[in-house]
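As structure tokens, the structure follows; a few thoughts come after it.
Naming convention: chains lettered A, B, ... in sequence-line order (proteins, then strands); numbering from 1 in each chain.
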Amino acid sequence: MKSPFLLEQWFASRGWRAFVFQREAWNKILQGKSGIVNAPTGSGKTYSVLGGVLEVLKSENPKGLVCLWITPIRALAKEIELSVARALEGCGLSWRVGIRTGDTEIAERREQAKQMPEILITTPESLHLLIATRDGERLFEQLRFVIVDEWHELMGNKRGVMMELALAWLRARLPALQTWGISATIDNMYEAMQILLGRTYREGILVRADLRKRIEVIPVLPDTIDLMPWAGHLGIKLLQKVVPVIEQSRSTLIFTNTRSQCEIWYQQLLEAAPSLAGQIAMHHSSISREIRHWVEDALHDGRLKAVVCTSSLDLGVDFRPVETIIQIGSPKGVSRFMQRAGRSGHQPGAVSRIYFVPTHTLELVESAALREAIDRQVIEPREPYVRSFDVLVQWLVTLAVGPGFEAGEILHQVRSTHAFTSISDEEWYWCLSFITTGGRTLEGYDDFHKVVRTDDGRYVVKSKRISLRHRLSIGAIVSDTVMRVKFLNGGFVGTIEEWFISRLKPGDVFWFAGRSLELVRVRGLEVTVRASQQKEGLVPSWMGGRMPLSGQMGAMLREKLQEAFDDKTTDPELKFISPLWKLQLERSAIPGPDQLLIEYLVSREGHHLFVYPFEGRFVHEGMASVLAWRLALFQPITFSIAMNDYGFELLSADPIPIQEALDSDVFSTEHLERDILQSVNATEMARRRFRDIAAIAGLVFQGYPGKPVKEKHLQSSASLIFSTLSEHEPDNLLLRQAYDEILQFQLEHGRMQQAFSRIQGQEILLRYIERPTPFCFPIMVDRLRERLTNESLEQRVEKMLREAGVEVK
DNA sequence: GACCTGCTGCGGAGTG
């Protein structure tokens with residue numbers, strides 16, 4: 001029997017069958033609903049939404065823009081366009097589909113200005129830019145659908161807030177507008193829907209694709225436990241075990257945690273297996289786009305056997321499935337690991353296999369914890385941003401540059417979003433005054449008088465210069481200023497950070513993008529290089545973000561620690577680790593899920609206190625500061641602090657009164673927020689955070705395309721404004737936002753609160769140890785690294801190991 | 001605002 005659905009008829013002609021969730025989505029969309037389709041990549045999620053859109057509009061023969069398709073990544077736009085175009089043709093519809101991103105050519109833009117395609121694929125930034133035109137309102141008059149692809153990727157950052165605001169604005173003028181999100185599984189799926197739909201969420205529908213895929217975690221283990229380093233992060237010791245995995249597979253993705261690790265692995269793989277030359281490449285965000293595109297295409301065509309990458313290949317390029325995935329070092333979160341694993345074994349019913357290469361002993365436990373987490377479907381949530389006033393004031397100027405706005409109407413919309421439900425009248429007036437006068441402190445500067453209120457009460461931007469500069473600054477991603485690395489003949493290799501290049505002088509050789517490069521000269525923000533034959537060279541590192549261990553991973557680790565002693569354990573890595581665990585047990589203890597281990601060591605360096613909450617390094621940084629601050633209340637004492645993802649260390653020249661402190665409840669949650677802010681240098685942290693806020697809010701200008709403002713300059717103008725506001729306008733909303741953000745995202749206040757209250761219910765195992773344990777050793781090394789060069793560190797680590805009673809191989 | 005390990009993502013003028 002012929003299906004009533006257009007898309008299903010086309011499916012049938014190709015011999016495909018619709019999934020149950022696709023039909024469910026089509027029906028709900030046909031009923032006029034909004035909602036979210038929860039489906040993994042590669043499961044036909046695009047068609048699940050597209051089919052509904054076609055069904056609603058097929059009889060209307062639309063002309064002009066009826067459907068906006070938002071993607072967080074430009075690279076995905078092309079694939080969506082391809083799928084949509086194919087389906088439209090298959091269904092015999094003559095609708096047009098087009099792309100509008102920063103890559104869209106001028107001619108194409110002009111064409112679109114005359115007549116928009118029926119379906120437009122765009123990014124949140126480009127959508128804001130479209131609104132920031134005089135045509136801003138007219139463009140969307142016929143709009144019926146907004147599809148937000150990969151919504152889980154947007155909702156955890158300020159780009160999500162940009163979407164919320166734009167959606168509220170569109171919804172206000174188009175009551176019949178239907179919004180659909182497409183999202184991978186996250187822990188707070190319903191919240192994700194609520195945020196996407198704003199005030200209309202009550203009627204929202206969640207369509208779940210029940211396509212659970214089996215994932216097999218295969219640990220890559222050394223021959224004996226002695227070969228596993230106690231501390232380290234590169235994992236290079238297991239290189240010889242990784243080579244055959246790559247050789248035996250048709251195509252492999254090797255995920256690393258940092259860009260420099262990616263460079264090192266690429267280089268070392270080539271050295272260990274010269275036969276891979278020409279068949280292996282590398283991919284990370286500092287490599288030029290030209291090279292990256294080449295790598296993506298080559299992988300797609302099967303010209304490459306393996307690519308070493310960072311999370312730059314997490315999303316985007318939904319290339320032909322890869323046969324094998326290798327993860328080097330901890331992925332830090334379950335979702336990220338599962339997503340990467342899902343890149344292999346795309347055939348229905350196929351098992352995804354992922355090789356996990358631990359870089360030190362405790363990561364062996366992470367390997368087992370990951371397996372368990374996948375089994376139990378433990379998945380991280382995405383925390384939405386709220387009250388991001390920098391994004392709000394940017395949006396208000398965007399509207400004023402575009403069609404202009406009327407205050408009461410926009411306030412109503414803004415309040416309908418999840419991010420700004422709680423905005424008070426006072427805060428709203430502050431925003432209006434900020435965009436018109438710069439606020440109390442900055443009103444003396446004309447640059448901040450961006451928006452004017454016309455006689456009929458509309459807020460608009462009149463100055464061409466201000467409009468221009470605003471359009472240049474739309475978006476919520478603030479990049480660091482970087483130096484461009486170029487060959488003498490002009491070929492662009494990629495970008496590198498100033499602090500790294502400043503250590504080199506002309507003639508020095510470094511390795512970057514898989515090539516040996518000799519520094520010729522540095523001029524302004526341009527680094528000129530020539531190819532070198534030299535084999536040795538420094539590998540650059542970049543100051544990227546840090547990814548702390550997720551709460552879910554931490555909890556799973558705490559559970560798994562003791563399992564190494566359980567004879568019934570089936571995890572190979574836990575069996576493997578048990579000799580080392582015996583050592584830990586002899587010297588100290590292994591905490592169970594209801595225990596907190598604290599180790600006290602006296603060495604020539606002084607008195608060390610090690611605490612192991614397994615909460616990730618951000619939380620540990622805050623906890624360590626709070627603990628140090630509270631301990632100093634007992635007696636004057638100073639500490640140096642170190643931490644990793646498993647625990648932290650307080651080191652002091654004097655004895656640490658830990659027993660007394662424990663007796664008087666040093667882990668109390670009482671006055672926690674106050675103690676956090678007292679103990680960490682909140683002002684400095686907020687000052688740094690303020691740089692991005694100032695850029696997003698339009699307080700500092702980041703420069704013209706190709707002519708970025710120097711980092712130093714940007715930092716100092718933001719810092720100057722920060723100081724001025726702190727002094728004269730301490731209740732400034734952007735200033736307060738900087739402090740809120742460090743509490744929420746840098747110190748992970750919520751998680752820290754939970755950790756403290758969990759510890760209150762835990763039994764404390766205080767152990768006075770005589771020698772470093774496998775647990776504390778990596779933290780000690782971490783602290784040393786900050787003072788020593790790499791070579792001396794290596795020697796020092798060997799010495800430490802001997803002192804710790806471990807044979808050095 | 002550095003670092004010694006530390007991810008990712010987007011956007012963009014006027015020149016008559």
For A:Gly475, answer base if it contacts any base atom (sugar-phosphate contacts may also be present), sugar-phosphate if it contacts only those atoms, and nothing otherwise; contact means non-hydrogen atoms under 4.0 Å. nothing
Taking atom P of B:dA13 as reference, at what distance in whole Å does atom CD1 of A:Ile466 sit? 17 Å
So, A:Asp103 and A:Lys78, do they make that salt bridge, N to O below 4.0 Å? no
Is A:Lys45 salt-bridged to A:Asp149, going by a charged N under 4.0 Å from an acidic O? yes
OP1, OP2 of B:dG6 versus side-chain N and O of A:Ser541: anything below 4.0 Å? yes
With a cut-off of less than 4.0 Å, is there a side-chain N or O of A:Arg292 near OP1 or OP2 of B:dG9? yes
Check whether NZ of the Lys or CZ of the Arg A:Arg484 lies under 6.0 Å from the centre of the six-membered ring of A:Phe492 and within 45 degrees of that ring's axis. yes
Closest approach to the side chain of A:Asp480, judged atom by atom: which nucleotide of B:dG1, B:dG12, B:dG6 is it? B:dG1
Is there a donor N/O on one and an acceptor N/O on the other, under 3.5 Å, for the side chain of A:Thr101 and the base of B:dC10? no
Under-4.0 Å side-chain N/O to phosphate OP1/OP2 contact, A:Thr310 with B:dT8: yes
Return the orientation label for the A:Phe510 and A:Phe512 ring planes: parallel under 30°, perpendicular over 60°, tilted otherwise. parallel
Phosphate oxygens OP1/OP2 of B:dG11: is one of them under 4.0 Å from a side-chain N or O of A:Ser126? yes
To the side chain of A:Arg74, which of B:dG6, B:dG11, B:dG9 is closest? B:dG11
